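Working notes for the structure below.
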Amino acid sequence: MTPIRQYLATGLTVLSATAALLLASCSGSKNADPQAQALLDGANQAFTAADYTLATSLLDSLQKTFPGEIALQKEAMALRPKVIEKATLLQISTNDSLTALCHLTADQMKGKLKWVKEPQMVEGFYVASGSYNPSFMNSTGIQGRVSEIGEFYIVSSARPAVGHTSIALSAGSASAATPAVPYDGESNYRIDGGEVITFSPQQSDTIGQFALANTGRPLTLSFRGKRTSDRKLSADQVTDIADAYAYASAITQARRLAAERQRLEATLQVARNQMARTDTSIEKTEEAEAK
């Protein structure tokens, strides 16, 4: 999501807005610097127009450029939490929409996957129903899997062993590859004359992205290491990997959005607390002046 302060690419936009507002400004203190007053007027106008990014930028300029304009700075301090509140509410709304989309995508993709958890396995995993093969370790190919917590990873199997340490997918001149995983007896190990590599989620991401970008297209699978061995992946096999990656991505993104929503809620509460304190301060000032 685009943070509040990233709307203006350069200070030129602010300066242009300030110049225009100098001509239109007609409110505020008679003793205020005209440029400072124009910045505050512009921030108020931007707030009314729901342009909270511009309002924030103008308030920032007022604070940095005219710190001595005490009266205007007090008005700006009262306006800023209102801007933050409205901007944060918009971000929360966007966050909620994206979260709903992630949950919808995850539900759709999960329907295409199969949960696999056999007695000898420490952890289970999801795999596309079409890719499930109980004898996978005795074959040559790759599987896109999703862990119980929603992480996508690739497992490659080569039989007979070809000494591979990485894999790649390619379509014409475009390709994606995993980093090399040297034989270590754990992530890269030998079994009954074949070899298996379990790539970490980070190592597998490029393959998942490439499969998703080429859903429904046949690709070339390459085992790379001591030598290179190529095989064809059918369009269905590529789609199976893409479906697993899409499911994991939706879960991961939903988790990120949930954390972001908590941050936004905290920001909203801080802004509203500041608004309450400002309102109380204004009331006390008005009461004192009345006496």
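Everything numeric here is computed off the predicted structure, so don't read it as measured data.
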Could you go step by step and tell me if Asp192 and Arg159 meet the side chain to side chain contact (heavy atoms under 4.5 Å, CB included) rule? CA-CA 9 Å; Asp192 298 332; Arg159 181 177 293 273; 3.7 Å; yes
Taking the side chain from Glu195 and the backbone from Val162, do they hold a donor-acceptor pair closer than 3.5 Å? yes
Tell me if a side-chain donor or acceptor on Gln237 pairs with a main-chain N or O of Ser234 at a distance below 3.5 Å. yes
Quick one: does Ser157's side chain have a donor or acceptor within less than 3.5 Å of a partner on Ser139's backbone? yes
Among side-chain atoms of Ser200 and Gln203, is any donor-acceptor pair under 3.5 angstrom? yes
Ile154 vs Gln143, side chain to side chain contact (heavy atoms under 4.5 Å, CB included): CA-CA, chis, key distance, verdict: CA-CA 6 Å; Ile154 288 287; Gln143 276 190 346; over 6 Å; no
Taking the side chain as every heavy atom from C-beta outward, state whether Ile142 and Ile167 have any atom pair closer than 4.5 Å. yes
Please name the residue in the list Val155, Val116, Leu113 that meets the side-chain contact (heavy atoms from CB on, under 4.5 Å) test with Arg145. Val155
Nearest 0.5 angstrom please: Thr239 OG1 to Lys112 NZ, how far? 8.0 Å
Pairwise side-chain contact, Leu59 with Val83, heavy-atom cut-off 4.5 Å (strictly under): yes
Please report the interatomic distance NZ(Lys114) to CG(Asp240), rounded to the nearest 0.5 Å. 13.5 Å
What pair of heavy atoms forms the shortest contact from Phe199 to Thr165, and how long is it? CE2-O, 3.9 Å
Is the backbone of Pro179 close enough, under 3.5 Å, to the side chain of Ser166 for a donor and an acceptor to pair up by distance? no
Less than 4.5 Å apart, any side-chain heavy atom of Leu39 and any of Gln35? no
Cut-off 3.5 Å, side chains only: do His164 and Ser229 have a donor facing an acceptor? no
Under 3.5 Å donor-acceptor, Thr206 side chain and Ala177 backbone: yes
Quick one: are Leu90 and Tyr52 in side-chain contact, heavy atoms under 4.5 Å? yes
Can you tell if the side chain of Asp205 reaches within under 4.5 Å of the side chain of Phe152, non-hydrogen atoms only? no
Side chain to side chain contact (heavy atoms under 4.5 Å, CB included) for Thr220 and Leu233? Distances and angles first, verdict last. CA-CA 6 Å; Thr220 298; Leu233 286 185; over 6 Å; no
Is it the case that one hydrophobic cluster holds both Val181 and Tyr153, taking links as side-chain heavy atoms less than 4.5 Å apart, direct or via other members? no
Just so I know, are the side chains of Tyr247 and Gln108 near enough to count as touching, which here means a heavy-atom distance under 4.5 Å? no
Ignoring hydrogens, what is the shortest heavy-atom contact between Ala176 and Ile207? Give both atom names and the distance. O-CD1, 3.6 Å
Please check if any side-chain donor atom of Asp184 sits under 3.5 Å from a side-chain acceptor atom of Tyr189, or the reverse. no
Side chains of Asp230 and Ser222, donor plus acceptor under 3.5 Å: yes
Looking at every non-hydrogen atom in both residues, tell me the closest pair between Ala242 and Thr215 and how far apart they are. CB-OG1, 3.3 Å
So, Gln269 versus Arg272: side-chain donor-acceptor pair below 3.5 Å or not? no
Determine, using the 4.5 Å side-chain heavy-atom cutoff (strictly less than), whether Leu89 and Leu264 are members of one ILVMFWY cluster. yes
Considering all heavy atoms, the nearest Val127-Ser131 contact: CG2-CB, 4.0 Å
Do Gln45 and Asp41 pair up side chain to side chain, a donor and an acceptor below 3.5 Å, judged on atom types alone? no
Any chance you could measure Leu40, atom CG, to Leu58, atom CG, to the nearest 0.5 Å? 9.5 Å
Is the shortest heavy-atom distance from the side chain of Thr94 to the side chain of Leu98 under 4.5 Å? yes
Single-linkage hydrophobic cluster, 4.5 Å side-chain cutoff, Leu221 and Ile197 together: yes
Verify, without hydrogens or angle tests, whether Asn214 (side chain) and Phe210 (backbone) share a donor-acceptor contact under 3.5 angstrom. yes
Are Arg80 and Asp60 ion-paired here, with the side-chain N under 4.0 Å from a carboxylate O? yes
Measuring from Gln63:CD to Leu72:CG, what's the distance to the nearest 0.5 Å? 13.0 Å
Worked check of side chain to side chain contact (heavy atoms under 4.5 Å, CB included) between Ile92 and Arg261: CA-CA 6 Å; Ile92 288 175; Arg261 199 184 200 287; 3.3 Å; yes
Roughly how far apart are Thr140 OG1 and Phe136 CZ, rounded to 0.5 Å? 9.0 Å
For Ala55 and Ala43, which heavy atoms make the closest approach, and how far apart are they? CB-O, 3.6 Å
Kindly say whether Glu151 contributes a backbone atom to a donor-acceptor pair with the side chain of Ser147 at under 3.5 angstrom? yes
Between Leu219 and Lys232, is there a side-chain heavy-atom distance shorter than 4.5 Å? no
Is there a donor-acceptor pair closer than 3.5 Å between any side-chain N or O of Glu123 and the backbone N or O of Glu148? no
Hey, mind stepping through Lys82 and Glu85 against salt bridge (Lys or Arg N to Asp or Glu O under 4.0 Å) and telling me if it holds? CA-CA 5 Å; Lys82 297 178 182 178; Glu85 179 196 37; over 6 Å; no
Do Ser97 side-chain atoms and Ser93 backbone N/O form a donor-acceptor pair below 3.5 Å? yes
Between Met275 and Pro81, what is the shortest heavy-atom contact and its length? CG-CB, 3.5 Å
Surrounding NZ of Lys117 (heavy atoms of other residues, nucleotides or ligands, distance under 6.0 Å), is the total greater than 12? yes
Measuring from atom CG of Asn44 to atom OG1 of Thr48, what distance do you get when rounded to the nearest 0.5 angstrom? 6.5 Å
Would you say Val238 ends up clustered with Leu212 if hydrophobic residues are merged whenever their side chains have heavy atoms under 4.5 Å apart, either directly or through other cluster members? yes
Could you tell me whether a side-chain N or O of Asp243 sits under 3.5 Å from a main-chain N or O of Met109, the two making a donor and an acceptor? no
